[in-house]
Amino acid sequence: MVDGEAVKAVLRTQRVELPSWAFGNSGTRFKVFAQRGVPRDPFEKIADAAQVHRYTGVAPSVALHIPWDKVADYAVLAAAAKDLGIELGTINANVFQDDDYMLGSITNPDPRIRSKALNHLYECVDVMDQTGSRDLKLWFSDGTNYPGQDNIRARQDRLAEGLQAVYERLGENQRLILEYKLFEPAFYTMDVPDWGTSFAHCLQLGERAKVCVDTGHHAPGTNIEFIVAFLLRAGKLGAFDFNSRFYADDDLMVGSADPFQLFRIMFEVATAGGFAEDTEIAFMLDQCHNIEPKIPGQIRSVMNVQEATAKALLVDLEVLDAAQRAGDVLGANAVLMDAYNTDVRPLLADLRSEQGLDPDPMAAYAASGYAERIVAERVGGQQAGWGA
């Protein structure tokens, strides 16, 4: 049996980064749904993020999206975050919401638009310099919709050239994290459609270029834990973007579509030492809350990650190894299933109590009155949302 105290010791060091954009209004391509009390600027976003950390204890940083979270002085924003008990984290670039990027950003056939996109990525590195952020996370909507629209190989050349330029601009302690997406908004080819493409470009770039595994960016039935294991073995897993999807897209709460898959992913991370206190893997949420309240949605998501992690840490590796070596297929599978079927909620409740937190973060937030207060206070102005 795995010692519960040993599991708690690892969980005490767990960190899950929050996305600033999750606190703004969002929706589908058909409709963006507004909610009362939504932040109107980056300062109100970090105030809401601080609430998630207050009740979970494991979400001490918030990622920014530029220009959605652009401010005049990032030192002031960082100081505001510190006063709330959190810090600024990953910087995310936006080269997909400008009319110029209709045919691509750094892979666009027009050199003027490629230059424009590259200058924005340089700007994001400048923001990193000001905030002390380690990671620049890049996702490109670049691709094509029709056969013959553009030269596929030429677009890969442009991609490699642009990534190299950004990589050379990074400081020695900064990393480039390259995300991928199977489809959307391009439906014939995406220029970074899968983990293999991201991996190949990161290998070419160098040690400080890593792959971001977005758990919703794969074809149905993809074995994501294999991808995670492969990248861990190669030393190229830089970050997770946690979310879920059923048919397509990727903005549902992590663990909501397939909690067993999340457990299997976390098990691979655990066996590779990815939960060590000095881990370089960034665990981040990347999701929107279209119909559910923003802050409770983030709290529940963090709790889902905690529960999957706790179950992964409960796997008896010695018994599992013995079963694997003996070729005991059912016995090995049973070891994993026993851990997955364990109710870890009492363990996590005890851990929170030991940390001076309420054992039920959702109930504690609901009772705090914060939701009612921001509805009353945030009247007027422009609510944050997609593009702001």
Side-chain angles (χ1 to χ4, degrees), residues 7 9-19 53 57-65 78 81 86-93 121 124-125 127-129 131-139 163-164 166-180 192 195-215 217 224-243 254 262 264-286 302 305-306 308-310 312-313:
V7 173
V10 177
L11 291 171
R12 287 189 184 94
T13 67
Q14 187 172 35
R15 298 292 179 263
V16 180
E17 186 161 281
L18 305 178
H53 182 52
V58 297
S61 62
V62 57
L64 302 183
H65 215 299
I86 60 174
E87 61 184 18
L88 305 181
T90 302
I91 301 301
N92 294 259
L121 301 184
C124 289
V125 180
V127 174
M128 294 171 68
D129 293 339
T131 60
S133 301
R134 178 189 64 175
D135 292 343
L136 172 67
K137 185 148 64 65
L138 303 179
W139 173 74
L163 290 174
Q164 184 66 45
V166 177
Y167 188 78
E168 292 174 357
R169 169 65 181 80
L170 295 174
E172 61 180 13
N173 295 318
Q174 295 173 337
R175 307 190 307 174
L176 183 155
I177 308 296
L178 183 58
E179 193 177 345
Y180 55 88
V192 190
W195 70 274
T197 306
S198 177
F199 176 65
H201 281 284
C202 288
L203 274 181
Q204 187 175 23
L205 288 171
E207 178 62 29
R208 289 177 293 109
K210 309 280 186 177
V211 179
C212 173
V213 173
D214 185 303
T215 52
H217 282 187
I224 300 174
E225 59 267 30
F226 170 81
I227 298 169
V228 170
F230 185 99
L231 292 174
L232 283 166
R233 179 177 179 272
K236 281 296 184 181
L237 179 60
F240 282 101
D241 273 0
F242 286 127
N243 50 57
V254 59
L262 182 60
R264 300 192 310 263
I265 291 169
M266 291 308 207
F267 171 69
E268 294 301 330
V269 174
T271 57
F275 291 123
E277 194 165 2
D278 61 349
T279 183
E280 292 189 351
I281 302 171
F283 300 89
M284 200 190 88
L285 304 179
D286 180 15
V302 171
V305 174
Q306 288 180 296
T309 304
L313 294 170

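For clarity, every value in this text was computed on a predicted model and none was experimentally measured. One is the number of the first residue; the rest follow in order along the sequence.
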Report yes or no: does [X] contribute a side-chain atom to a donor-acceptor pair with the main-chain N or O of [Y] at less than 3.5 Å?
X    : Y    : answer
N243 : V254 : no
S133 : G89  : yes
R208 : G171 : yes
K236 : A209 : yes
R12  : V7   : no
R134 : T90  : no

Heavy-atom pair of closest approach, residues [X] and [Y]:
X    : Y    : result
P19  : M284 : CB-CE, 4.5 Å
Q174 : V125 : OE1-CG1, 3.8 Å
I86  : A59  : CG2-O, 4.1 Å
P60  : R15  : CG-CD, 3.3 Å
T131 : I91  : OG1-CD1, 4.2 Å
C202 : L178 : SG-CB, 4.0 Å

*Taking salt bridge (charged side-chain N to carboxylate O under 4.0 Å, His left out) as the test, write out the residues that go with E172, two or more places apart.*
none
Rounded at 0.5 Å granularity, tell me how far [atom1] in [X] sits from [atom2] in [Y].
X    : Y    : atom1 : atom2 : result
W195 : C212 : CH2   : SG    : 14.5 Å
E207 : Y167 : CD    : OH    : 7.0 Å
E225 : L262 : CD    : CG    : 10.5 Å
L18  : L285 : CG    : CG    : 6.0 Å
M128 : L170 : CE    : CG    : 6.0 Å
L138 : L121 : CG    : CG    : 6.0 Å

*Are E17 and S61 linked by a side-chain donor-acceptor pair shorter than 3.5 Å?*
yes
*Taking atom types as modelled, is there a side-chain donor on E179 or S198 under 3.5 Å from an acceptor on the other?*
no
*Determine, step by step, whether V228 and L237 satisfy the side-chain contact (heavy atoms from CB on, under 4.5 Å) criterion, reporting the C-alpha distance in whole Å, the side-chain angles of both residues, the deciding distance to 0.1 Å, and the verdict.*
CA-CA 7 Å; V228 170; L237 179 60; 4.0 Å; yes
*Please report the C-alpha distance between D241 and K137 in whole Å, then the side-chain angles of each, then the deciding distance to 0.1 Å, and finally whether the side-chain contact (heavy atoms from CB on, under 4.5 Å) criterion is met.*
CA-CA 10 Å; D241 273 0; K137 185 148 64 65; 3.1 Å; yes
*Given L136 and I177, is the side-chain contact (heavy atoms from CB on, under 4.5 Å) satisfied, shown in steps?*
CA-CA 6 Å; L136 172 67; I177 308 296; over 6 Å; no
_For F240, give me all partners under ring pair (Phe, Tyr, Trp, His ring centres under 6.0 Å), at least two apart in sequence or on another chain._
F242, F283
*Not counting sequence neighbours, which residues clear side-chain contact (heavy atoms from CB on, under 4.5 Å) with T271? List them please.*
F267, E268, L317
*Would K210 and D135 pass as an ion pair if we require N to O under 4.0 Å?*
no
*I would like to know whether V192 and H201 meet side-chain contact (heavy atoms from CB on, under 4.5 Å); could you show each step before the answer?*
CA-CA 9 Å; V192 190; H201 281 284; 5.6 Å; no
_Ring centroid separation Y180 to W139 under 6.0 Å_ = no
